[in-house]
Visitor: 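Sharing a structure here in structure tokens format.
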Amino acid sequence: MVSRVIPVDTFDLVIFGGTGDLARRKILPGLYRRFVAEQMPADARIIGAARSEFDDDGYRAFVAEALDEFLPASLRDAKAEAEFLARLSYIPIDARGTGGWKELAATVRKDVIHAFYFSVGPGLFGDLAERLHEYKIADAQSRVVVEKPFGRDLESARALNAVLAASFDETQIYRIDHYLGKETVQNLMAVRFGNVLFEPLWNSQYIDHIQITVAETVGVGGRGGYYDKSGAMRDMVQNHLMQLLCLIAMEPPSHFDPDAVRDEKLKVIRALEPIEPHQLVRGQYGPDGDKPGYREDVEDPQSRTESFIAMKTQIANWRWAGTPFYLRTGKKLKSRMSEIAIFFKRTRHSIFTENEGEHQNVLIIRLQPDEGMTLTVTIKEPGPGGMRLVDVPLDMSFAEALGPHAEDVPDAYERLIMDVIRGNQTLFMRGDEVEAAWAWTDPIIEGWQKRGDVPKPYDTGSSGPDDALMLLHRDGRRWREIRPEGS
Ligand code: NAD
């Protein structure tokens, strides 16, 4: 199966922060892949804008190095790369000063799609937005893309929304959560709303509980200073896990269009029940042999920031009352694994005597490392000897399903950038969604701060603190195992 590529209209994309880590690792390699997939029109242009002093050729050499570092050799092609680099130009610019703005105004074409990617710290959003208007570079057709973190609490998120709203209409603002760009996450909507099989069962009558796991093996690395002010709740739960929860729990939108989808997601966030202290476990990874633990990594022996969090959440609405959603995410865990597992209830009455009560349908949506879906189905174990039941997976791995063309599947950033160019906001967070997510998150964080809660230590390479296991054991349930990659 070859993935179908629909070319976009021509565009000018300005990347503020075009020399930064995100631009090098994700944005520019992603654009190159879309170019190689022939999705970009011949005269589309990418304009890097940042503080470093490069000329166009210097920037092209800089980007070529980034492609070297972050693209698989199979995608490299000298001719394609030269053509891609020819679309790039660079303007040294200071978001807080005057340098570079007139050149940018003279460069950006207003008669084609023009988008501005704010790949800089949120402290610069206001400066960029103001100057884009002051120099008449932006207009009512412009699009702006902003990155996480979108605030660190409700107040700061409101302030950021206000800064953007002063210059742009909500329909022009694309808040990226790259989890929403993942193939499987969108497949979640296809599975729910494109099949007759699942939706009738998609409620508390048939679903026992849901687990969302985002496990990482890395620690805080060089981001210790930033991470320690944030923690797993702000860095992962408030955005990525919450977005996944919304897509699982939302009502069917009337259309697959941006506001219809986002209205339904917002209703889910607003229906989340407050979290009581016993529904939550926070953890911090300890040292591993001679490798430092969390507190050494962030250079604060007293740090109370969590590198792991597990929680039981409930949605107070007709569809979900009684079905818990268990969320967990953490660093330095056993393996890198992100998945959503939907545990259906057991059959109401078993007509079989053997293995009674042992079986349960589970729909697993794997986000990484190997994007795909599995549905476990109970069947008869083959062979003579009576009716023995066994759970077998109906497995759909995208890599296998797409065979040699699996590499054609765009990664999350590529897809989202192309959605910006298409003007499709469905997979981007709306301002009110972000604020509602913070409004739910803030009291939880305030609660543990008031209580002086200290995160529980856990071993590197484990599944988190034992208390996280207890969170489910108390309810007579178990977490799915965090399995090593490839198993
Ligand atoms: P970075 O520090 O590597 O790069 C920052 C960029 O901003 C550089 O190009 C720098 O020249 C430019 N810049 C800084 N001050 C400027 C000014 N006054 N005027 C003009 N340009 C200026 O940061 P990054 O890691 O690329 O992150 C960029 C944004 O993306 C941040 O908001 C970050 O939180 C977010 N983000 C990054 C990642 C990632 O993996 N790096 C992931 C998610 C979100």
Side-chain angles (χ1 to χ4, degrees), residues 5-50 52 54 56 59-60 62-64 66-67 70-71 80-81 83-93 95 100-101 103-120 124-125 128-129 131-133 135 137-147 164 167-168 171-176 178 181 410-425 427-428:
V5 172
I6 303 169
V8 294
D9 291 338
T10 197
F11 61 86
D12 277 0
L13 173 67
V14 180
I15 309 173
F16 291 109
T19 59
D21 178 63
L22 184 69
R24 289 178 65 247
R25 280 195 310 115
K26 292 287 179 190
I27 305 172
L28 289 156
L31 286 164
Y32 172 77
R33 283 174 54 124
R34 289 298 88 210
F35 171 75
V36 173
E38 297 180 5
Q39 197 165 25
M40 273 190 212
D43 59 346
R45 302 185 316 179
I46 298 153
I47 302 148
S52 321
F54 281 124
D56 290 345
Y59 188 57
R60 288 176 189 136
F62 171 88
V63 174
L67 300 183
F70 297 110
L71 279 175
E81 192 170 308
E83 283 173 21
F84 173 74
L85 294 175
R87 286 145 195 270
L88 264 62
S89 60
Y90 183 81
I91 299 177
I93 220 158
W101 288 98
E103 291 85 331
L104 189 63
T107 304
V108 173
R109 294 175 295 175
K110 301 275 273 296
D111 55 343
V112 302
I113 294 163
H114 45 288
F116 304 98
Y117 200 130
F118 289 6
S119 183
V120 295
L124 293 178
F125 290 179
L128 290 176
R131 279 169 181 71
L132 281 171
H133 279 86
Y135 288 86
I137 305 169
D139 59 21
Q141 269 69 52
S142 308
R143 293 158 199 178
V144 286
V145 186
V146 297
E147 271 295 336
L164 292 173
S167 299
F168 299 100
T171 55
Q172 299 179 272
I173 304 168
Y174 292 73
R175 294 176 194 77
I176 285 214
H178 68 272
D411 95 345
Y413 269 93
E414 294 167 51
R415 179 189 312 277
L416 294 173
I417 296 171
M418 288 300 116
D419 277 358
V420 174
I421 305 299
R422 283 193 202 95
N424 185 345
Q425 290 184 303
L427 300 175
F428 296 84

Visitor: Quick one, Phe428 and Leu416 - any side-chain contact, counting heavy atoms below 4.5 Å?
Guide: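 They are in contact (side-chain heavy atoms under 4.5 Å apart), so the answer is yes.
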Visitor: How would you list, by chain and number, every residue that makes a side-chain contact (heavy atoms from CB on, under 4.5 Å) with Ser52, sequence neighbours excluded?
Guide: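 Thr19, Phe54, Tyr90.
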Visitor: Quick one: closest heavy-atom pair of Leu132 and Phe116, and the distance?
Guide: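 So the two residues come closest at CD2-CE2, 3.7 Å.
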Visitor: Considering only heavy atoms from C-beta outward, does the side chain of Tyr135 approach that of Leu104 to under 4.5 Å?
Guide: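 SC-SC contact between Tyr135 and Leu104 ruled out.
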Visitor: If you take all heavy atoms of Ile15 and Ser119, which pair is closest and at what distance?
Guide: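 Reported closest heavy-atom pair: CG2-CB, 4.4 Å.
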Visitor: Where is the tightest heavy-atom contact between Ala23 and Pro29, given as atom of each residue plus distance?
Guide: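 Of all heavy-atom pairs spanning Ala23 and Pro29, the closest is O-CD, 3.6 Å.
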Visitor: For Glu103, what residues pass the side-chain contact (heavy atoms from CB on, under 4.5 Å) criterion, not counting sequence neighbours?
Guide: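 Testing Glu103 for side-chain contact (heavy atoms from CB on, under 4.5 Å), a comparison that skips the adjacent residues, returns Ile91.
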Visitor: Check whether any side-chain N or O of Arg415 sits under 3.5 Å from a backbone N or O of Gly181 as a donor-acceptor pair, and report yes or no.
Guide: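 Yes, because the side chain of Arg415 sits within donor-acceptor range (under 3.5 Å) of the backbone of Gly181.
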Visitor: Search all heavy atoms of Ile6 against all heavy atoms of Gln39 and return the closest pair with its distance.
Guide: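 Heavy atoms of Ile6 and Gln39 come nearest at O-NE2, 3.1 Å.
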Visitor: Taking atom CG of Leu67 and atom CG of Leu28, what is their separation to the nearest 0.5 Å?
Guide: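 Leu67 CG to Leu28 CG: 7.0 Å, rounded to 0.5 Å.
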Visitor: For the side chain of Arg60 and the backbone of Leu85, is there at least one donor-acceptor N/O pair under 3.5 Å apart?
Guide: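 Indeed, once roles are kept as given, a pair shorter than 3.5 Å links the two residues.
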Visitor: In chain order, what residues pass the salt bridge (charged side-chain N to carboxylate O under 4.0 Å, His left out) check against Glu81, with sequence neighbours excluded?
Guide: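 Testing Glu81 for salt bridge (charged side-chain N to carboxylate O under 4.0 Å, His left out), a comparison that skips the adjacent residues, returns Arg76.
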Visitor: Applying side chain to side chain contact (heavy atoms under 4.5 Å, CB included), run through Thr10 and Arg109 and close with a yes or a no.
Guide: CA-CA 10 Å; Thr10 197; Arg109 294 175 295 175; 3.8 Å; yes
Visitor: Please name all residues satisfying salt bridge (charged side-chain N to carboxylate O under 4.0 Å, His left out) with Asp419, sequence neighbours left out, ordered by chain then number.
Guide: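 Expected list: Arg422.
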Visitor: Any side-chain heavy-atom pair from Ile46 and Met40 closer than 4.5 angstrom?
Guide: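 Ile46 reaches Met40 side chain to side chain.
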Visitor: Test of understanding: with salt bridge (charged side-chain N to carboxylate O under 4.0 Å, His left out), list the residues that count as partners of Asp139, not counting sequence neighbours.
Guide: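 Residues passing salt bridge (charged side-chain N to carboxylate O under 4.0 Å, His left out) with Asp139: none at all.
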Visitor: For Pro41 and Asp9, work out which heavy atoms get closest and say how close.
Guide: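 Scanning both residues, the minimum pair turns out to be CG-C, 3.6 Å.
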Visitor: For the atom pair CZ (Phe16) and CG (Leu128), what is the distance rounded to the nearest 0.5 Å?
Guide: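 Here the rounded value is 5.0 Å.
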Visitor: Using only atom types and a distance under 3.5 Å, with no angle test, would you say the side chain of Gln172 pairs donor to acceptor with the backbone of Ala140?
Guide: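 A pair under 3.5 Å: yes.
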Visitor: Distance check, rounded to the nearest 0.5 Å: Asp411 atom CG versus Arg34 atom CZ?
Guide: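 Asp411 CG to Arg34 CZ: 9.0 Å, rounded to 0.5 Å.
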Visitor: Go through the steps to decide whether Glu38 and Val5 satisfy the test side chain to side chain contact (heavy atoms under 4.5 Å, CB included), and finish with yes or no.
Guide: CA-CA 7 Å; Glu38 297 180 5; Val5 172; 5.5 Å; no
Visitor: Any donor-acceptor pair under 3.5 Å linking the side chain of His114 with the backbone of Val108?
Guide: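 No, because the side chain of His114 does not come within donor-acceptor range (under 3.5 Å) of the backbone of Val108.
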Visitor: In the structure I gave you, are the side-chain heavy atoms of Val420 and Tyr117 within less than 4.5 Å of one another anywhere?
Guide: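 Val420 does not reach Tyr117 side chain to side chain.
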Visitor: Any sub-3.5 Å donor-acceptor pair from Tyr59's side-chain atoms to Gly18's backbone N or O?
Guide: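 The answer is yes, because a donor-acceptor pair under 3.5 Å joins these two groups.
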Visitor: With a 3.5 Å distance limit and no angle check, can you tell me whether Glu83 reaches the backbone of Ala80 through a side-chain donor-acceptor pair?
Guide: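 It does not hold such a pair.
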Visitor: What's the shortest heavy-atom distance between Ala49 and Val14, and which atoms?
Guide: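 Between these two residues, the closest heavy atoms are CB-CG1, 4.2 Å.
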Visitor: Quick one: side-chain hydrogen bond (donor to acceptor under 3.5 Å, both in side chains) partners of Thr107, sequence neighbours excluded?
Guide: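 Testing Thr107 for side-chain hydrogen bond (donor to acceptor under 3.5 Å, both in side chains), a comparison that skips the adjacent residues, returns none.
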Visitor: Rounded to the nearest 0.5 Å, how far apart are CZ of Arg131 and CG of Leu124?
Guide: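 Arg131 CZ to Leu124 CG: 9.5 Å, rounded to 0.5 Å.
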Visitor: Could I get the full list of salt bridge (charged side-chain N to carboxylate O under 4.0 Å, His left out) partners for Arg143, not counting sequence neighbours?
Guide: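 Residues passing salt bridge (charged side-chain N to carboxylate O under 4.0 Å, His left out) with Arg143: none at all.
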Visitor: Could you tell me which residues satisfy ring pair (Phe, Tyr, Trp, His ring centres under 6.0 Å) with His178, sequence neighbours excluded, listed by chain and number?
Guide: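 Ring pair (Phe, Tyr, Trp, His ring centres under 6.0 Å) list for His178, sorted by chain: His240, Tyr413.
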Visitor: What's the separation between atom OH in Tyr174 and atom CD1 in Ile421, rounded to the nearest 0.5 Å?
Guide: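 Separation between the atoms: 9.0 Å.
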Visitor: Applying side-chain hydrogen bond (donor to acceptor under 3.5 Å, both in side chains), can you list everything that pairs with Arg45, at least two apart in sequence or on another chain?
Guide: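 For Arg45, the residues satisfying side-chain hydrogen bond (donor to acceptor under 3.5 Å, both in side chains) (neighbours in sequence not counted) are Asp12.
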Visitor: Looking only at atom types and distance, does a side-chain atom of Gln425 sit under 3.5 Å from a main-chain N or O of Thr171, one as donor and one as acceptor?
Guide: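 Side chain of Gln425 to backbone of Thr171: a pair is present.
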Visitor: Can you list everything that forms a ring pair (Phe, Tyr, Trp, His ring centres under 6.0 Å) with Tyr32? Sequence neighbours excluded, please.
Guide: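 Tyr32 satisfies ring pair (Phe, Tyr, Trp, His ring centres under 6.0 Å) with Phe84 once adjacent residues are dropped.
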Visitor: Which residues pass the side-chain contact (heavy atoms from CB on, under 4.5 Å) test with Ala86, sequence neighbours left out?
Guide: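 For Ala86 there are no side-chain contact (heavy atoms from CB on, under 4.5 Å) partners, ignoring immediate neighbours.
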Visitor: Indicate yes or no for a side-chain donor-acceptor contact from Glu414 to the backbone of Leu31 under 3.5 Å, with no hydrogens or angles considered.
Guide: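 No, the answer is negative, given that no donor and acceptor are paired below the 3.5 Å cut-off.
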Visitor: Mind checking what makes side-chain hydrogen bond (donor to acceptor under 3.5 Å, both in side chains) contact with Asp56, not counting sequence neighbours?
Guide: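 Scan of Asp56 (side-chain hydrogen bond (donor to acceptor under 3.5 Å, both in side chains), adjacent residues dropped) gives none.
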